K.L.:
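Here you go, one structure.
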Amino acid sequence: MIKAVLVINTQGKPRLTKFYDFLTVEKQQELIRGVFGVLCTRAEKVSNFMEVDSIFGPDSRLVYKHYATLYFVFVFDSSENELAMLDLIQVFVETLDKCFRNVCELDIVFNYSKLHAIIDEIISGGQVLETSSTEVMRAVEEISKSEAASNSISLVPKTVSGWRSR
């Protein structure tokens with residue numbers, strides 16, 4: 001099971017945090033600080049896989065990928081395959097690139113709800129739902145279309161003259 005998905009910038013500011021177990025805000029912040037502390041001290045040429053029992057408790061593993069100014073981090077237990085999790089990070093980043101045309105940190109900051117929609121299409125309740133970035137994009141586009149359609153429906157006329165013509 002996936003325990004958490006984190007996107008943290010190189011200065012330690014979390015840009016996305018999604019925990020699949022209930023944790024208090026204080027505990028979440030402590031875990032984010034712990035993960036960032038470990039990531040920022042790692043050398044560039046070492047493995048992207050880590051045991052994080054000291055941070056997340058027994059049977060916890062972490063896989064991360066560093067792109068530009070962002071760390072994409074998945075924390076999971078031993079029931080998940082490490083290479084599959086690394087591939088899932090790749091799917092997540094590819095989907096973000098398709099969605100935002102070469103994603104950057106500002107896209108993540110200013111499109112928070114779309115980012116959550118994407119991760120919710122990939123993972124639900126700590127379980128992987130979809131591994132195809134094309135399918136995820138299709139679902140996110142449908143969500144966007146339905147939001148746009150619901151925003152265009154007007155129940156009240158925009159001008160008073162609309163009331164008079166009835």
Side-chain angles (χ1 to χ4, degrees), residues 1-23 27-143:
M1 181 177 138
I2 297 172
K3 295 182 177 187
V5 174
L6 308 170
V7 178
I8 306 171
N9 72 9
T10 52
Q11 296 170 343
K13 293 186 180 183
R15 297 306 184 191
L16 168 74
T17 59
K18 189 89 171 182
F19 291 90
Y20 294 100
D21 291 327
F22 174 75
L23 299 168
K27 183 68 174 170
Q28 288 178 12
Q29 290 173 346
E30 178 187 325
L31 294 174
I32 292 166
R33 280 192 298 273
V35 167
F36 178 72
V38 170
L39 292 179
C40 70
T41 58
R42 281 179 73 84
E44 290 284 325
K45 302 287 184 197
V46 297
S47 171
N48 291 12
F49 307 104
M50 299 170 44
E51 297 283 334
V52 287
D53 295 343
S54 61
I55 301 171
F56 277 88
D59 194 35
S60 296
R61 297 177 184 173
L62 178 145
V63 63
Y64 71 96
K65 197 79 171 135
H66 186 195
Y67 293 102
T69 61
L70 296 170
Y71 290 103
F72 291 83
V73 181
F74 282 26
V75 180
F76 53 95
D77 62 22
S78 63
S79 67
E80 300 289 345
N81 182 299
E82 293 173 336
L83 291 174
M85 291 296 102
L86 189 61
D87 187 51
L88 202 58
I89 291 174
Q90 184 66 32
V91 168
F92 183 42
V93 173
E94 282 177 13
T95 305
L96 292 174
D97 274 342
K98 287 179 183 177
C99 191
F100 299 116
R101 316 263 190 271
N102 199 6
V103 68
C104 69
E105 187 174 350
L106 289 176
D107 292 324
I108 290 173
V109 170
F110 292 115
N111 295 288
Y112 196 74
S113 61
K114 190 171 256 189
L115 187 72
H116 272 278
I118 291 169
I119 200 68
D120 288 343
E121 288 296 322
I122 297 172
I123 302 167
S124 178
Q127 300 298 318
V128 177
L129 296 178
E130 185 60 62
T131 58
S132 166
S133 64
T134 305
E135 290 299 317
V136 172
M137 276 305 298
R138 186 174 296 131
V140 170
E141 286 170 358
E142 286 194 28
I143 291 169

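This structure is a prediction, so every number in the text was calculated from the model and none was measured. Numbers here simply count residues along the sequence, with the first being 1.
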K.L.:
Is there a side-chain contact between Lys3 and Tyr20 in this structure, where contact means two heavy atoms from C-beta onward sitting under 4.5 Å apart?
P.N.:
no
K.L.:
Is any side-chain heavy atom of Arg61 less than 4.5 Å from a side-chain heavy atom of Asp77?
P.N.:
no
K.L.:
Main chain of Cys104, side chain of Asp107: is a donor-acceptor contact present, judged purely on distance under 3.5 Å?
P.N.:
yes
K.L.:
Does the side chain of Leu106 come within less than 4.5 Å of Phe100's, by heavy atoms?
P.N.:
no
K.L.:
When you compare the side chain of Ile108 with that of Arg15, does any pair of heavy atoms fall below 4.5 Å?
P.N.:
yes
K.L.:
Closer than 3.5 angstrom, by distance alone: can the side chain of Asn9 be matched with the main-chain N or O of Gly12 as a donor-acceptor pair?
P.N.:
yes
K.L.:
To check you understand the geometry: which heavy-atom pair defines the closest contact between Ile119 and Phe74, and what is its length?
P.N.:
CD1-CZ, 4.5 Å
K.L.:
Quick test of your reading of the model: are Glu30 and Arg33 salt-bridged, counting only N-O distances below 4.0 Å?
P.N.:
no
K.L.:
Could you give all pairs that pass the ring pair (Phe, Tyr, Trp, His ring centres under 6.0 Å) test and reach residues 107-127, with sequence neighbours left out?
P.N.:
Tyr112-His116
K.L.:
Tell me every residue that passes side chain to side chain contact (heavy atoms under 4.5 Å, CB included) with Arg138, counting only those two or more places apart in sequence or in another chain.
P.N.:
Thr134, Glu135, Glu142
K.L.:
Would you check if Leu6 and Tyr71 make a side-chain contact, meaning some heavy-atom pair closer than 4.5 Å?
P.N.:
no
K.L.:
Are Asp59 and Ser78 linked by a side-chain donor-acceptor pair shorter than 3.5 Å?
P.N.:
yes
